[in-house]
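Working notes for the structure below.
Predicted model, so just to flag it, every value in this text is computed and none were measured. Computation of the quantities below employed the complete heavy-atom set of this structure, encompassing side-chain atoms and omitting hydrogens, waters and symmetry-equivalent molecules.
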Amino acid sequence: MKLATRINSFLPIYEHDLGKVFKSFNELGLGYVDLNYPEHVEGLDALAMKKLLDDNQLKLNGVALRFRNEFINGELGNADAEVAGHALELCKEAADYCRESGGKVVTIWLGFDGFDYSFQINYQKVWNQIRDAFIEIADYAPDLQISIEYKPFQPRAYAFIDSMGVTGMMLNEINRKNVGVTLDYCHMLMKHENPAFAADIFAGQGKLYGVHLNDGYGLNDDGLMIGTATPFKTLEFLYYVKKHNFDGVIYFDTFPIIEHASKECEQNIKMIRLFDQLIDNVGLDHIQLIIDQNDAVAASELMASFFSASVK
C-alpha cells in the first residue's frame, strides 16, 4: 500500500524546513510525497527537490495546484482571459516540475471556479473554457496523469466542478486517456455522495488517479482522522479501491490543528492497515457475494462480521 500525508500539517512544526519534514515522513513509514504547487517548491528547483526526496528514501507522487491571489474569482474558467491564461500556464509549469522531480500525477482542484450568486456567470462559456483548458494541459503533458479533484463548495458557495456526475461529464468531453479523477473522501460526504459509489465507477473505468482519505460529518471539509466518523462507509470505499487494484498513492488529507501531526499520521496509518486487514479477513469474494444479494439485512450482518473479523 502506497501512503502519503498532508505536508502542510508538518510545515509549521519545522518552520518550512522540507528536509526535516521529509525525514519525519520517512521515520513514520511513509513512502510518497505530494507537493502543493507552487507554494511548497518555491526556491527549490525540480532536480534539487528530487535529490532531497531521494536523500530521505521518498518518491514524489505528484503535485497539486494551489491557486491564490489573482485567481480568487476563478482559475481556468476566469472571465478575465489574461487571468485564465495565467492559471493555464501555472498548470503547465506544475506538469514540468512534476515530471522533472520524478512524479506522475498533476492534481487540479479548481477551488475558485464557481459562483456565489444567481446570474453571476455564463455557465456554458465557463464549461467550454475549463474543458478546453484541460484538453490543452493533457496534450501538453501526455506522459502524466492529469487528475480533477472535485468539491461541492468552499471557498465558493457553488463550485463549478462539484460532484462525481459533473466530473464524469467533464471527463467525457475532455476525452483524453491521461485525464482522470482524484476522490477526496470529505468532499464526497459534503456532496452527500456515497464515496464507495464514486470509487467503483471511476476505478472501474480506469480513471481513478488519486485518493485523499480523511473523514467528516458531511457539512464541512472536516479533515478528521480516518474511520473516526463514518467507519462503514470508509470500509466500503476501501473495498472498491482494493477490488479494482488501485495502484496509486493513498494520501492522508487530514487536518491536525489541535492534534500532533506525527501522532495523527501514525494513527491514520494504523487505521488504514486495520481496515485493509478487516477486508482481507472477511474476504473480497464474500463481500461481493453479500452485495450481489441486494439485501439490507445481509448487508447489516456483513457490517457486524467486520467486528468479529477484528478479533481473529
Side-chain angles (χ1 to χ4, degrees), residues 34 61-67 71 74-78 84 87-88 91 94-95 104-115 121-139 141-142 144-214 216 218 221 233 236-238 240-241 244 246 248-251 253:
D34 276 67
N61 176 52
V63 300
L65 270 297
R66 285 297 180 268
F67 300 95
F71 303 112
E75 301 103 343
L76 298 176
N78 198 296
L88 180 59
C91 291
K104 68 174 185 177
V105 184
V106 178
T107 304
I108 302 176
W109 166 52
L110 300 176
F112 293 109
D113 269 330
F115 56 96
I121 66 169
N122 183 327
Y123 305 107
Q124 190 67 62
K125 177 179 178 294
V126 173
W127 178 274
N128 293 340
Q129 192 169 310
I130 291 174
R131 177 200 61 208
D132 293 346
F134 271 111
I135 290 172
E136 188 168 338
I137 296 164
D139 291 346
L144 299 176
Q145 293 180 334
I146 310 302
S147 194
I148 300 172
E149 179 181 354
Y150 66 85
K151 184 179 181 180
F153 55 89
Q154 291 181 345
R156 302 306 293 263
Y158 291 88
F160 199 82
I161 302 182
D162 72 332
S163 61
M164 64 176 291
V166 170
T167 304
M169 290 172 63
M170 183 62 75
L171 290 178
N172 184 60
E173 289 202 19
I174 293 168
N175 194 28
R176 290 297 185 272
K177 291 182 178 179
N178 63 322
V179 181
V181 63
T182 290
L183 295 178
D184 184 297
Y185 189 88
C186 261
H187 295 181
M188 293 184 282
L189 294 180
M190 291 167 69
K191 188 61 177 175
H192 196 60
E193 292 179 353
N194 184 24
F197 183 12
D200 192 22
I201 299 302
F202 287 118
Q205 295 175 350
K207 288 293 186 179
L208 181 57
Y209 290 171
V211 170
H212 289 184
L213 202 55
N214 41 39
D221 196 4
K233 285 186 181 296
E236 188 189 16
F237 177 78
L238 290 173
Y240 283 105
V241 168
H244 291 293
F246 174 68
V249 172
I250 294 178
Y251 168 68
D253 196 6

Interatomic distance, Phe112 atom CZ to Asn78 atom CG [nearest 0.5 angstrom]: 11.5 Å

Heavy-atom side-chain proximity of Trp127 to Met170 below 4.5 angstrom: yes

Heavy-atom side-chain contact between Cys91 and Val106 under 4.5 Å: no

Those residues that, when tested against Phe71, pass ring pair (Phe, Tyr, Trp, His ring centres under 6.0 Å) (two or more places apart): Phe67

Tyr123 atom OH, neighbour heavy-atom count above 12 within 6.0 Å: yes

Ser147 side chain vs Thr182 backbone, donor-acceptor pair below 3.5 Å: yes

Distance-only check: which donor-acceptor pairs under 3.5 Å involve side-chain atoms of residues 196-207, not counting sequence neighbours?
residue	atom	partner	partner atom	Å
Asp200	OD1	His244	NE2	2.6
Lys207	NZ	Arg176	O	3.0
Lys207	NZ	Val179	O	2.8

Distance (rounded to the nearest 0.5 Å) between Asp139 CG and Ile146 CD1: 10.0 Å

Option from Leu110, Ile130, Ile108, Ile161 for which side chain to side chain contact (heavy atoms under 4.5 Å, CB included) with Ile148 holds: Ile161

Residues in salt bridge (charged side-chain N to carboxylate O under 4.0 Å, His left out) contact with Asp253, at least two apart in sequence or another chain: Arg6

Over all atoms of both residues, closest heavy-atom pair of Pro155 and Gly111: CD-O, 3.1 Å

Sidechain-backbone polar pair: Asp113 side chain, Phe160 backbone, donor-acceptor under 3.5 Å: no

Point-to-point distance, once rounded to the nearest 0.5 Å, from OH of Tyr150 to NE2 of His187: 10.0 Å

Closest heavy-atom pair and its distance - Arg156, Phe115: NH2-CA, 3.6 Å

Asn178 side chain vs Leu144 backbone, donor-acceptor pair below 3.5 Å: yes

Pair listing, salt bridge (charged side-chain N to carboxylate O under 4.0 Å, His left out) test, anchored in residues 184-199, at least two apart: Asp162-Lys191

Interatomic spacing from OH in Tyr251 to OG1 in Thr107 - rounded to 0.5 Å: 9.0 Å

Under the salt bridge (charged side-chain N to carboxylate O under 4.0 Å, His left out) test, residues paired with Arg131 that sit two or more places apart: Glu173

Leu76 and Ile137, any side-chain heavy atoms less than 4.5 Å apart: yes

Interatomic distance, Asn194 atom CG to Tyr240 atom OH [nearest 0.5 angstrom]: 9.0 Å

For Phe134, ring pair (Phe, Tyr, Trp, His ring centres under 6.0 Å) partners two or more places apart: none

Residue pair Glu75, Leu65: steps toward the side chain to side chain contact (heavy atoms under 4.5 Å, CB included) verdict: CA-CA 11 Å; Glu75 301 103 343; Leu65 270 297; over 6 Å; no

For Leu208 against Phe246, the heavy-atom pair lying closest together: O-CE1, 3.4 Å

Backbone N/O of Asn61 and side chain of Asp34: donor-acceptor pair under 3.5 Å: no

Straight-line distance of Lys151 NZ to Met190 CE, nearest 0.5 Å: 5.0 Å

